[in-house]
Amino acid sequence: MDAKPKAIQTTKKEEPKPMKDLSYNPGAIEKKWQAKWEADKLYRSVIDERRKKHYALTMLPYPSGDLHIGHWYAMTPSDARARFKRMQGYNVLFPMGFDAFGLPAEGAAIKNNIHPKIWTYQNIERMRAQMRTMGAMFDWEREAVSADPEYYKWTEWFFIQLYKHGLAYRKKATVDWCPKDNTTLAREQVKGDDRVCDRCGTPVIKKELEQWFFKATKYADELLRFDGIDWPEFIKVSQTNWIGRSEGASVIFKTVPSGDDKAGDPIEIFTTRPDTLWGATFMVMSPEHPLVEKITTPEHAQAVREYKAQAEKQTDIQREAKDKEKTGVFTGGYAINPVNEERIPIWVADYVLMSYGTGAIMAVPAHDERDFEFARKFGLKVIPVIQPVGASHDSPLQGDTMTEAYPHEGVMINSGQFNGTPATNDKGMANPAIKAVTDWLEQKGIGKRDVNYRYRDWLISRQRFWGAPIPMVYCETHGWNPVPDDQLPVLLPDDIDEWKPTGESPLKFHPTWKNTTCPVCHGPATRETDTMDTFMCSSWYHLRYLSPQYDKGPFDEQEYNYWMPVDTYTGGSEHATMHLLYTRFFHKALRDMGITEGNEPVMQLRNQGMVLAEDNTKMSKSRGNVVAPDVLVKKYGADTVRAYLMFFARWQQGAPWDSQGIEGSARWIRRVWTLFTDPQIASDSAGAASEETRRNLRRKVHQTLKRVTRDFENFEFNTIISSLMELMNEMYKAREAGAVGTDEWKEAQEIYLKMMAPVAPHIAEELWTEHFGKPYSIHQQMWSSVDEAAAKDDVIEIPVQINGKVRDRISVAADAGEDEVKAAVMASEVIQKHLEGKEPKKVIVVKGKLVSLVV
RNA sequence: GCCGAAGUGGCGGAAUAGGCAGACGCGCACGACUCAAAAUCGUGUUCCCUACGGGAAUGAGGGUUCGAUUCCCUCCUUCGGCACCA
């Protein structure tokens, strides 16, 4: 039959009827569905006690102005997983908001003379619109913006709660100061060897200032425990390193009285090696140690004064440089080693830091590299007290001839009744020598078990405008008092016009803002003009999402009880020791104040990697290598951008962008479209498929479903896409074999679209609803379950190895018994050829996997 | 120096209970369609050799095993955390 005349005839007759547009037009489809989903409140999450909840959280962005590809990389795979969870039947909460306080807004204020609030809210509006193009299932009714007064009212309230519970306090301290951002920083926000500001990369300097702190160190031990939470190993390790717990003992050394007013002040030291006490041949104090002056004898006063002065002048980087030669001066004073009554000299040296331990140490040169270097330079005594095992006969350690310290395991010597006790490389009380000596010290009352941390309290004062005000008031007579709750929030003024950074908060220079009355006596008082670290705002945003309009408290308890804790949290790993540590501290502090429950806010944490530029460097505006998602969405559609971001790298690792690579994902989306919409397919040899074709199709579908389900669970997005591509390729082949129209084909289509829905929500909806006429919405469908029987292979091809080398492949029934398989192997000509008539010594049959012959 | 993660084709990567290394995609090559190009479709693509066959290969070396990308030991490289922290 000739089809051509017929076709011409049809066209003529049916001309008035417009042809359905069958080409894939992502721009139109995506806009259409985004509008409908929003109008229908498809992604509104409300408490439903009958269903299991799933709180999926992704880190909220700073409204810097434009959504970049990194935001997409963080958010769209997280969205896909949240969608998957939803299809699995969970009641999913997936909120979004803005971390809206922060420095760049002030930078813009200075540059463009625009109020930070205006700049910030303009950016938020722009980014919201950009985010809508992602087609994510954000519940916008739960949006929270940390710069909204309704939000920061509660940030202030939390501060007051912490203050009232003794967890917020003010003290004068040597603090880190960024000279570019003109503000103090928390220790976590100073990074790297060169101690630079985390935000701007400028090296920080030290300043002596009175600031507000949160008592995070109270939770040091608890923060080291990660019980019951599924967090990446390296985040836990980073936090553990940061907290830096070391176990040891504190010991009190009495000083030798040598003048009228120096009647033997005791000096406390901390050591992790109390087992080496007998080897302590001198003491070293930090130049800042308060007892230095008292201990120093008149003859040494001049030298000590000079040394202190030069130490003060040096920066931390100079002082803490590891290759720096040791310096120090003798004070003229002596201490008594409490374990053997030896008189030992007391020195001052800057290698001992006032900020750690007690600012004074016992020096054991034989077993500590730093002390050894110091002792050799200044000719101080070296007494070994740990002898390496085995070395004792031929070359025992000797104080005079040692060339380096011996900080390793051995046996105690020169240590009285402890001689012979084995000292291992174990730290703390796991070391028998340390344990024995510490127990003895406690018995004798000389010292006690002690623990020291690197971790410091969180400095939260910032000398900046655009942050939540610290709600404290100072009165000459009543000191510091919190602003009464009914006066919260302390609002930021709109009428500010001087932004120049001066090193003090712009609020200080506002003519009236700081003037208020004392909450106690109602007399004149002044407000704190510093604002809070923005990490304070982000420590609790996951709670504000629960009820952003709630005004009786920071959150609605009912919402809390249903949704918390966060089930999965996704975001960048650069926050390992900042936000992710602060938020844990915050939750524990709130728990102790009776505000939250449970020990941890976040159960499962996963970090995405970074999308690098095509030249393998970090994307930056100055390099001009930034990939703009808006342009990509316009060219390919959001579904393709989403798919490519999930496909192009291991999500938790990241990779350089590849502008050609995205074509592969675009092709996949288009080929799916064609496969499901091409009218030719429906007519071509439909229904003629053999039993085998249909069985194979169904098997592939269920095998894919199994893998995709598993990979979604494990955040392995790249293999989800490749499995879907593979199945699509199979379906094209099945189409050629006439599978279209069969029950297996229909099932394949349905499962395919459901698997695709979390990845590419728009095209999946369009095909599901418009082309197959299935009930709207695909995003409210249940995830299909795997038919294990269908997924099972019935005939498998297995390799046959001879001495570990694959020589042939044979086809056997999947459930074939060992004898059957063996027979099939022996029947192979190739195998017989390789055996050369020999009988295999051993035949290993691994069911369903392979056969291995040993000759 | 201590702690952690990772090293697989030209590239991103797959192989998730020790069992066919290189799935899927990019790129490249060839072919079909086209006047031509793009798009699309098809075929091939780890390396080496005397090439319908054979050998080597998952950072390097060793070990366990019939069999190791996978487990164990030593080392190298890259990335991240800590570091004069007593």
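Throughout, a chain's letter reflects where its sequence line sits, starting with A, and its residues are numbered from 1.
A glycosidic torsion no more than 90° from 0 defines the syn conformation; B:G80 lies beyond that range and is anti.
A:Thr271 comes within 4.0 angstrom of the backbone, heavy atoms only, and of no base. Residue A:Gln653 is classed as a sugar-phosphate contact, given heavy-atom separations below 4.0 Å to backbone atoms only. When heavy atoms are screened at a 4.0 angstrom cut-off, A:Trp242 is found touching the sugar-phosphate backbone but no base atom. Across all strands, A:Gly661 comes closer than 4.0 Å only to sugar-phosphate atoms, never to a base (heavy-atom distances). Among the atoms of the strands shown, only primed sugar atoms or phosphate atoms (P, OP1, OP2) are found under 4.0 Å from some heavy atom of A:Asn729. Counting non-hydrogen atoms under 4.0 angstrom, A:Lys847 reaches nothing in the nucleic acid. Nucleic acid contact class of A:Arg707 (heavy atoms, under 4.0 Å, all strands): none. Residue-level contact check: A:Val846 touches the bases, meaning some heavy atom is under 4.0 Å from a base atom. A:His289 comes within 4.0 angstrom of nothing in the nucleic acid, heavy atoms only. At the heavy-atom level, A:Ser246 lies under 4.0 Å from the strands shown only through sugar-phosphate atoms. Among the protein residues, A:Gln801 comes within range of the nucleic acid bases, having at least one heavy atom under 4.0 Å from a base atom. Using a 4.0 Å heavy-atom distance criterion, A:Gly654 is classed as a sugar-phosphate-only contact. As judged by a 4.0 angstrom heavy-atom cut-off over every strand, A:Ser238 is placed among residues touching the sugar-phosphate backbone only.
Projected onto RNA chain B by closest heavy-atom contact, A:Thr272 and A:Gly664 fall at different nucleotides, the more 5' of which corresponds to A:Gly664.
Between the side chain of A:Tyr644 and the main chain of A:Ser659, no donor-acceptor pair closer than 3.5 Å is present.
Counting heavy atoms from C-beta on, the side chains of A:Leu441 and A:Val437 come closer than 4.5 Å.
When all heavy atoms of A:Ala349 and A:Phe374 are compared, the closest pair comes out as CB-CE1, 3.7 Å. Residues A:Pro799 and A:Lys849 share a closest heavy-atom pair of CD-O, 3.2 Å.
For the pair A:Ile721 CD1 and B:G13 C1', the computed distance is 14 Å after rounding to whole Å. Distance, A:Leu850 CG to B:U65 P: 18 Å, rounded to whole Å. The distance between atom CG of A:Asp711 and atom P of B:C24, rounded to the nearest whole Å, is 16 Å. Per the geometry, CD belonging to A:Glu247 stands 15 Å off C1' belonging to B:A86, to the nearest Å. B:A86 atom P lies 11 Å from atom CD1 of A:Ile361, rounded to whole Å. Going from atom CD1 of A:Ile844 over to atom C1' of B:A68 covers 14 Å, rounded to whole Å. With rounding to whole Å, A:Met610 atom CE is found 9 Å from B:G80 atom P. Distance CG (A:Asp658) to C1' (B:G25): 10 Å, rounded to an integer number of Å.
Counting atom types as modelled, A:Lys326 pairs a side-chain N or O with a base atom of B:C84 as donor and acceptor under 3.5 Å.
Between A:Asp176 and A:Arg187 no salt bridge is recorded (no basic side-chain N to carboxylate O distance below 4.0 Å). Look at A:Asp815 and A:Lys792 and you find no salt bridge, because none of the NZ, NE, NH1 or NH2 atoms lies under 4.0 Å from a carboxylate O. Ionic pairing of A:Glu730 and A:Lys700 is not present here: no N-O contact between side-chain nitrogen and carboxylate oxygen is shorter than 4.0 angstrom. Remark: A:Glu788 engages A:Lys706 in a salt bridge, criterion side-chain N to carboxylate O under 4.0 Å.
The side chain of A:Phe647 lies closest to B:C24 when the candidates are B:C26, B:C24, B:A14.
Ring geometry for A:Phe712 against A:Phe84 counts as parallel: the plane angle stays under 30°, on a 0 to 90° scale with 60° as the upper cut.
B:A86 and B:A5 have their P atoms separated by 23 Å, given to the nearest Å. Distance noted for atom P between B:C47 and B:G10: 7 Å (whole Å).
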**OP:** Both distances under 3.5 Å, Watson-Crick or G-U wobble: on that basis, could you give the dot-bracket string for RNA chain B, with [ ] for crossing pairs and | for other-strand partners?
**Re:** (((((((..(((......[....)))((((((.......))))))((((...))))..(((((..]....))))))))))))....
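Of the side-chain N and O atoms in A:Arg245, none sit less than 4.0 angstrom from OP1 or OP2 of B:C85.
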